[in-house]
Amino acid sequence: MSFLAGADLGLAQDVEGYRAAETRLCDSVVVEFDFDLNFTATERRLLCGSPGVRSWEYIPLRQAEFHMRNFLAARGYHHPEFKITGSTLHVKPGVPTLIRSVRLDPPIPELEVENFWLPKGRPLTPDELNTIEQWASSKLGRLGYPCAVVETRGDPDTGEVIVMIDRGDLWTIREVQSDPIPGVRGGMLDRYRAFDTGDQYDSILLDISAERLKASEVVVNTMYSPVCKGEPGVVEQRTLAGKPRLVSFGIGFDSENLFLIKAGWRNSRWSETASMLDVSATLSYPNQKILTTFDWYYLPVPSHHYLKTYARIQREYEKRYEARSIKASFAPAYAGDILGIRGDIYVGPSLLFENTLRGDGPRNARLLTIDFGIAGQSHLYEYFTYQAAPQSGYKFNLFASTSDKGAASNVSATTYSADFTRLWNLLDLEPNIWVFGIRGSFATTRPGRDTNYDDLPPSFKYALGGSEDMRGFGRKALPTEGSGALTKAYLGSELRLNNSLPYQLQPFIFADWGKLGQRSLILDPTLFWSPGVGLRWGSPIGVLRFMLGHGFVSGEEREKYQGVAALQFYASIGEQF
């Protein structure tokens with residue numbers, strides 16, 4: 001609940017330096033002000049009447065004055081002047097009262113109100129008071145007080161806002177009351193929760209849990225809410241299940257792939273354990289792929305264990321090579337939450353057939369590999385990604401595979417790769433203003449017994465260049481010879497300005513560094529780097545990013561890279577960071 005206190009609604013003195021320009025709303029109301037206050041059509045009817053409507057054709061001036069006070073207060077003008085001359089109401093709005101400070105009663109240091117900069121300097125209006133209430137309630141929900149009572153009081157003379165808080169009980173989640181899902185055993189969907197019973201209440205973890213379920217398309221919609229009546233600790237989950245089968249189709253673009261078309265079919269409740277079957281096809285100029293995945297939750301009781309299986313048919317059409325491949329994998333896996341991280345780990349065999357049609361590599365390669373993968377992301381990173389506003393947290397991915405020539409393989413090779421992203425909300429401001437991020441990757445391939453560089457298919461070699469890493473070079477432009485390197489390393493940084501420009505425009509600057517190596521685990525001395533600028537916009541159709549970067553090369557061999565070290569422009573939709 002919010003309200004303004006102590007407003008002087010009587011006649012006020014002229015403001016020093018005030019310059020009045022007359023704006024006649026109608027014959028009976030004149031506003032002496034230099035700016036258009038943008039009264040709505042409904043407000044104008046309440047001030048001036050509605051011609052042709054008998055009961056509203058004429059508005060008494062005192063009633064018009066009453067409405068005008070409310071309309072001006074809603075815009076932050078709390079000291080207007082009114083004067084009635086004959087049949088005309090003259091109005092001088094004065095100057096708006098700006099929010100100068102926000103104070104908590106009682107003080108709660110954990111809320112860090114000093115970092116909440118958004119309302120300061122804005123007109124003192126009911127909408128701004130509601131924004132402050134929502135911020136305080138949200139922060140208290142994160143701290144374990146979901147049923148706190150928050151009221152705001154604004155002083156129109158000083159611009160101070162007092163936030164009065166009754167925190168209520170500190171919650172521990174002891175029960176979740178959920179709707180049954182048709183065709184799914186009770187408790188099976190608990191694996192999507194970022195919290196357990198017995199945990200302290202955190203509203204972000206409840207939001208993440210709901211977004212996971214919606215993203216998996218197991219249900220159409222779901223939400224968690226605290227039951228504030230009765231004993232503390234009860235959370236209610238309301239779910240709209242919908243049909244288990246979904247057909248999807250989408251079209252996108254970016255300056256590297258030119259176009260991107262994706263179509264899919266998914267059954268998200270294949271069995272009573274909510275196993276998931278997904279078939280999708282992706283089409284772009286350099287890459288065409290058909291992928292079938294089946295996540296089988298084989299245990300008859302709620303569990304985080306499952307079998308990860310997939311089959312992929314793919315064609316890659318790059319400047320230096322063209323390849324076709326078929327890969328199938330079958331691996332026991334586990335997905336769960338620990339220490340504020342959502343993790344997924346698997347290990348198992350896969351079979352790969354790769355045919356090199358153009359470029360360096362064997363005509364036909366067959367590899368039976370043992371794959372190991374582990375991926376994770378912090379809850380904060382996951383939450384802000386769902387909000388399409390990455391600003392804090394981290395994610396990582398580790399992968400390794402090995403094959404041995406003669407054991408159903410005609411190539412021996414071991415690969416290792418790692419990549420990560422880390423974001424910081426600099427100065428911990430709310431909402432954020434400066435977001436700094438780094439991302440990096442390292443990958444290497446070690447040829448095994450009776451295998452050399454030329455025996456390796458293109459998918460076991462690495463390149464740099466493009467929007468994914470070195471943004472000052474063309475897509476996979478490095479190295480300039482062969483089908484790729486045996487080792488690559490990349491580190492990129494980005495600083496973005498948020499919540500400061502109109503239309504949610506977010507400019508940023510970036511810098512990338514990378515190296516390649518023609519031997520396993522060894523990087524060549526040549527350094528590639530590329531600074532640049534960009535613009536991010538959260539448009540109604542998705543996140544648009546525009547980047548302009550220039551590539552540079554340092555080292556003794558820089559002359560042979562002059563042809564690819566140039567100015568590059570990239571545009572994409574959907575890329576977050």
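By convention here, the first residue in the shown sequence is residue 1.
Of the possible polar contacts, one joining the N425 side chain to the L429 backbone as a donor-acceptor pair under 3.5 Å is found. Panel note: side chain Q200, backbone L143; a donor-acceptor pair is recorded below 3.5 Å. No donor-acceptor pair closer than 3.5 Å links the side chain of R269 to the backbone N or O of V219. Here the side chain of R75 pairs a donor or acceptor atom with the backbone of N38 at under 3.5 angstrom. Remark: the backbone N or O of T40 is paired with a side-chain donor or acceptor of E43 at under 3.5 angstrom. The backbone N or O of S467 sits less than 3.5 Å from a side-chain atom of E256, completing a donor-acceptor pair. When atom types are taken as modelled, the side chain of T131 and the backbone of D127 share a donor-acceptor pair closer than 3.5 angstrom. Remark: side-chain polar atoms of S572 are not paired, donor with acceptor, to backbone N or O of D254 under 3.5 angstrom. Not one N or O on the side chain of N499 forms a donor-acceptor pair closer than 3.5 Å with the backbone of I433. Of the possible polar contacts, none joining the R439 side chain to the R422 backbone as a donor-acceptor pair under 3.5 Å is found.
With rounding to the nearest 0.5 angstrom, the CZ atom of R545 is 12.5 Å from the OH atom of Y570. Once rounded to the nearest 0.5 Å, the distance linking CE of M547 with OG of S530 reads 10.0 Å. Between the OG atom in S216 and the CG atom in L213 there is a gap of 5.0 Å [rounded to 0.5 Å]. For the atom pair F508 CZ and R536 CZ, the distance stands at 9.0 Å (nearest 0.5 Å). Expressed to the nearest 0.5 Å, how far OH of Y145 lies from CG of L111 amounts to 10.0 Å. For the atom pair OH of Y201 and CH2 of W171, the computed distance is 7.0 Å after rounding to the nearest 0.5 Å.
Shown here are the side-chain hydrogen bond (donor to acceptor under 3.5 Å, both in side chains) partners of W135, two or more places apart in sequence or in another chain: E430. Annotation: ring-ring contact (aromatic ring centres under 6.0 Å, His included) contacts of Y77 (sequence neighbours excluded): F33. Residues passing the ring-ring contact (aromatic ring centres under 6.0 Å, His included) test with H304, sequence neighbours excluded: Y334. Residues that satisfy the salt bridge (charged side-chain N to carboxylate O under 4.0 Å, His left out) test with D202, not counting sequence neighbours, are R142. The salt bridge (charged side-chain N to carboxylate O under 4.0 Å, His left out) search around R103 returns E160, not counting sequence neighbours. F71 is linked by a ring-ring contact (aromatic ring centres under 6.0 Å, His included) to nothing, counting only residues two or more places apart in sequence or in another chain.
Put simply, the residue from V234, L206, D196 that forms a side-chain contact (heavy atoms from CB on, under 4.5 Å) with I173 is L206.
What you find for L61 and S87 is that their closest heavy atoms are CD1-C, 3.7 Å. In terms of heavy atoms, L423 sits closest to P390 at CD1-CB, 3.5 Å. Taking every heavy atom of both residues into account, I573 and G252 meet most closely at CG2-CA, 4.5 Å. Closest heavy-atom contact between L398 and A418: CD2-CB, 3.4 Å.
Annotation: disulfide (SG to SG under 2.5 Å) contacts involving residues 64-100, sequence neighbours excluded, are absent. Residue pairs meeting the disulfide (SG to SG under 2.5 Å) criterion with at least one partner in residues 59-95, sequence neighbours excluded, do not occur; the list is empty. Screening residues 207-261 for disulfide (SG to SG under 2.5 Å) gives C147-C228 as the qualifying pairs, with residues at least two apart or on separate chains. For residues 109-124, the set of pairs meeting the side chain to side chain donor-acceptor pair (under 3.5 Å) definition, not counting sequence neighbours, comprises R122-E128. Judged as a disulfide (SG to SG under 2.5 Å), the pairs with a partner in residues 46-82 (not counting sequence neighbours) are, in order, C26-C48. For residues 388-398, every residue pair satisfying the side chain to side chain donor-acceptor pair (under 3.5 Å) rule, not counting sequence neighbours, is listed here: Q391-N432.
Between the side chains of S209 and R212, no donor N or O sits under 3.5 Å from an acceptor N or O. No hydrogens or angles considered: nothing links the side chains of R342 and Q377 as a donor-acceptor pair under 3.5 Å. Counted by atom type alone, T197 and E175 present zero donor-acceptor pairs between their side chains at under 3.5 Å. Residues D337 and H379 have side chains that bring a donor and an acceptor to within less than 3.5 angstrom of each other. Donor-acceptor pairing under 3.5 Å is recorded for the side chains of D512 and Y490. A side-chain N or O of T152 and one of E133 form a donor-acceptor pair less than 3.5 Å apart. A donor-acceptor contact closer than 3.5 angstrom links the side chains of Q237 and T222.
At a threshold of 4.5 Å between non-hydrogen side-chain atoms, the residues L129 and L124 count as touching.
With F510 as the aromatic partner, R471 meets the cation-pi criteria of under 6.0 angstrom to the ring centre and within 45 degrees of the ring axis.
For Q504, the CD atom counts as loosely surrounded, since its 6.0 Å shell holds 12 or fewer non-hydrogen atoms of other residues, nucleotides or ligands. Taking a 6.0 Å sphere around CD of E468, one finds it holds 12 or fewer heavy atoms contributed by other residues, nucleotides or ligands.
Taking the six-membered ring for Trp and thresholds of 30 and 60 degrees, F195 and Y224 have ring planes more than 60 degrees apart, a perpendicular arrangement.
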Stepwise side-chain contact (heavy atoms from CB on, under 4.5 Å) test for R62 and F66
CA-CA 6 Å; R62 289 299 180 185; F66 173 78; over 6 Å; no
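The residues K83 and E81 are annotated as not salt-bridged, no charged nitrogen and carboxylate oxygen being separated by less than 4.0 angstrom.
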